[in-house]
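Since we're looking at a predicted model, the values are computed, not measured.
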Amino acid sequence: MCGIVGIISQTPVNQAIYDALTVLQHRGQDAAGIVTIDDENRFRLRKANGLVSDVFQQEHMLRLAGNTGIGHVRYPTAGSSSVSEAQPFYVNSPYGLTLVHNGNLTNSAELKEKLFNLARRHVNTNSDSELLLNILAYHLDQPQKYALTPQDIFNAVKQTHKDIRGAYACIAMIIDHGMVAFRDPHGIRPLVLGKREENGKTEYMVASESVALDVVGFEFMRDVAPGEAIFITFDGELYAEQCADNPVLTPCIFEYVYFARPDSCIDGVSVYAARVHMGQRLGEKIAREWQDTDIDVVIPVPETSNDIALRIANVLNKPYRQGFVKNRYVGRTFIMPGQAQRVSSVRRKLNTIASEFKGKNVLLVDDSIVRGTTSEQIVEMARAAGAKKVYFASAAPEIRYPNVYGIDMPTRSELIAYERNTDEIAKLIGVDKLVFQDLADLTGSVQQENPSIKAFDCSVFTGCYVTGDITEAYLDNIAEQRNDAAKKKREKDSSNLEIHNER
């Protein structure tokens, strides 16, 4: 999962992009990057591993001159954590082209071969984003003329859609032309468009979530439609065209469960409101099926589940308490290379308020259960704090299949729910009782905010992948790429063009 932003302005954009990336930091903490175009039509690039506040110091910000720029925050999925795979990527031909990408392509091997055979283009990393950039560059070069029209650019996006498969929300800048943003035909990953008026001229911004628009003073216009491309000239002229043959909005349901910020609005859905609805429906299920369960208090696992847990407590007419305190300065556990480090990180990240557990039957609420490692540790902490009984509610259904569209989830064999029922999972994580949200209630919670969304990518729950191209061989291949040993090897051998984090 990644966060992307692009701004075309009449004034320097370095600070605005920085501010936008800080509020998209939840979408990726592995690396960050910004590229701008200066007055001499040169790219100014800074990218490195780390948080936004670590990557960009004052001297870097001063060098990022220009009124147009794009930015990216990243965490790796099947790729490497090497800074050589941090974004933005750029190529010098044609024109000078740079791109940021959120998502994951599912036909990367095929694309790499096609690029070499068709265009003799070399790709130096394992990043599918670099492949995507080069595919777009190849199609932009086909008119064989310098001054591209908006239609030339839309035609290049149309051809890119035909070549690539998977999930992608992208923003690119073309020297002497402008900025182009486009979204995959299923709209799996989010992308929003905003504007503001400055000195009688309209400035535009594209970002992963609406909260990024809010923080820098842009007005939300609309979501970029699935398959659509938006082209904005450096003079502020905006063009839009549908570039996919059969676009159908099927956004990733996990954006609403976990990834997006609650103050964002994505595809016409308030993330906060959707989570409140999730809590309402899950609370009703617990009230219906657990009538004999003696719950004393409802406690969320911070922070995504806070709003869900509060609604459950209201439905059950039980006290809601904050029983865990989160240390915000510990890295996310999914980027830890080994299981022992993951366990240790969970205990450093959360601490209990013992008085909220001692002698009570507690209902813990979390957004989901993936490996089960984190849930098991949290349950142990609750018992160590004095809980008599520990019940557990997951706002998402059982995750039984890997994600192939940009979320770093384990392989099937590492997912605790794979080939296990609820009682077996409950025993493994050590709870007295366990309940999962029903899939129909989860999707209904989001559709309650926008009934026009008829379907979602729910592949992690169902094993049905909306792009229709995922085979057992593909899943076996990503299983080999995502295990801890493979990730360690990529860190060691990722690139001979390592960029040092210099200040």
Side-chain angles (χ1 to χ4, degrees), residues 1-8 12-38 42-77 79-92 96-104 123-134 136-137 168-175 179-181 189 191 205-209 212 216 331 335 406 494-495 497-503:
M1 187 62 61
C2 301
I4 60 176
V5 60
I7 300 176
I8 283 189
V13 295
N14 49 3
Q15 186 66 52
I17 294 176
Y18 176 96
D19 292 341
L21 291 180
T22 60
V23 297
L24 295 176
Q25 188 76 84
H26 61 286
R27 302 186 67 87
Q29 292 125 40
D30 183 68
I34 295 174
V35 62
T36 59
I37 299 177
D38 67 15
R42 296 179 302 182
F43 289 134
R44 296 291 191 98
L45 172 65
R46 165 66 179 174
K47 61 179 180 178
N49 283 349
L51 302 177
V52 174
S53 58
D54 298 325
V55 170
F56 302 104
Q57 303 302 313
Q58 185 176 21
E59 61 265 39
H60 307 130
M61 297 296 289
L62 291 172
R63 289 199 292 266
L64 291 169
N67 298 343
T68 302
I70 57 177
H72 189 269
V73 288
R74 171 188 186 264
Y75 82 74
T77 50
S80 166
S81 293
S82 168
V83 69
S84 64
E85 296 196 6
Q87 297 185 42
F89 284 109
Y90 76 92
V91 289
N92 290 319
L97 179 67
T98 183
L99 175 141
V100 290
H101 165 220
N102 173 32
N104 185 60
V123 177
N124 203 65
T125 70
N126 293 318
S127 173
D128 60 335
S129 303
E130 189 184 7
L131 283 168
L132 198 162
L133 169 64
N134 278 274
L136 177 63
Y168 48 96
C170 305
I171 309 171
M173 292 192 301
I174 310 168
I175 293 288
M179 179 180 295
V180 60
R189 293 285 153 241
L191 196 62
M205 177 174 175
V206 186
S208 292
E209 296 183 31
V216 293
I335 59 174
S494 59
S495 176
L497 295 179
E498 189 73 20
I499 304 169
H500 295 288
N501 192 355
E502 298 176 347
R503 292 190 175 182

Side-chain (N92) to main-chain (G96) donor-acceptor, under 3.5 angstrom: no

Rounded distance [0.5 Å steps], CE in M1 versus CD in Q29: 12.0 Å

Could you give the distance from CZ (R63) to CG (D38), rounded to the nearest 0.5 Å? 13.0 Å

Can you sort out the partners of F89 under ring pair (Phe, Tyr, Trp, His ring centres under 6.0 Å), two or more places apart, ordered by chain and number? none

Is there a donor-acceptor pair under 3.5 Å between the side chain of S208 and the backbone N or O of I4? yes

List in chain and number order the residues that pass side-chain hydrogen bond (donor to acceptor under 3.5 Å, both in side chains) with N14, two or more places apart in sequence or in another chain; answer none if no residue qualifies. none

What verdict does the side-chain contact (heavy atoms from CB on, under 4.5 Å) test give for V73 and C2, after you've listed the backbone C-alpha separation in whole Å, the side-chain angles of each residue and the deciding distance to 0.1 Å? CA-CA 6 Å; V73 288; C2 301; 5.8 Å; no

Does Y90 form a side-chain contact (heavy atoms from CB on, under 4.5 Å) with L97? I'd like the steps, not just the answer. CA-CA 6 Å; Y90 76 92; L97 179 67; over 6 Å; no

Are the side chains of I17 and I7 in touch, meaning some heavy atoms are under 4.5 Å apart? yes

Check: H72 side chain, I34 main-chain N or O, donor-acceptor pair, under 3.5 Å: no

What's the shortest heavy-atom distance between G33 and L21, and which atoms? O-CD1, 3.9 Å

Among residues at least two apart in sequence or on other chains, which ones pass side-chain hydrogen bond (donor to acceptor under 3.5 Å, both in side chains) with E130? T125

Is a side-chain donor or acceptor of H60 paired with a backbone partner of V55 at a separation under 3.5 angstrom? yes

Got a donor-acceptor contact below 3.5 angstrom from the Q58 side chain to the M61 backbone? no

Do S129 and Q87 pair up side chain to side chain, a donor and an acceptor below 3.5 Å, judged on atom types alone? yes

Counting C-beta onward and ignoring hydrogens, is there a side-chain heavy-atom pair between C170 and V100 closer than 4.5 Å? no

Could you check whether any side-chain heavy atom of I37 comes within less than 4.5 Å of a side-chain heavy atom of F43, counting everything from C-beta outward? yes

Looking only at heavy atoms, which two atoms of V23 and A212 are closest? And how far apart? CG2-CA, 3.8 Å

Hey, are the side chains of V206 and L191 touching, using non-hydrogen atoms and a 4.5 Å cut-off? yes

Is a side-chain N or O of R44 found less than 3.5 angstrom from the main chain of L64, in a donor-acceptor match? no

Would you say that V91 contacts L133 through its side chain, given a criterion of any heavy-atom pair below 4.5 Å between the two side chains? yes

Determine whether a donor-acceptor pair (N or O, by modelled atom type, separation under 3.5 Å) exists between the side chain of Q25 and the backbone of L51. no

Restricting to non-hydrogen atoms, name the atom on V123 and the atom on N134 that form the minimum distance, rounded to 0.1 Å. CG2-ND2, 4.3 Å

Distance in Å, I171 CD1 paired with N102 CG, rounded so as to fall on 0.5 Å steps: 9.5 Å

Over all heavy atoms of both residues, which pair between A32 and F56 is shortest? Give the atoms and the distance, please. CB-CE1, 4.0 Å

Is there a side-chain contact between T36 and V13, using heavy atoms and a 4.5 Å cut-off? yes

How close do G406 and N104 get, heavy atom to heavy atom, and via which atoms? N-CB, 3.4 Å

Between the main-chain N or O of V216 and the side-chain N or O of D19, is there a donor-acceptor pair closer than 3.5 Å? no

Determine the minimum heavy-atom distance between P88 and K47, stating which atoms define it. O-NZ, 3.0 Å

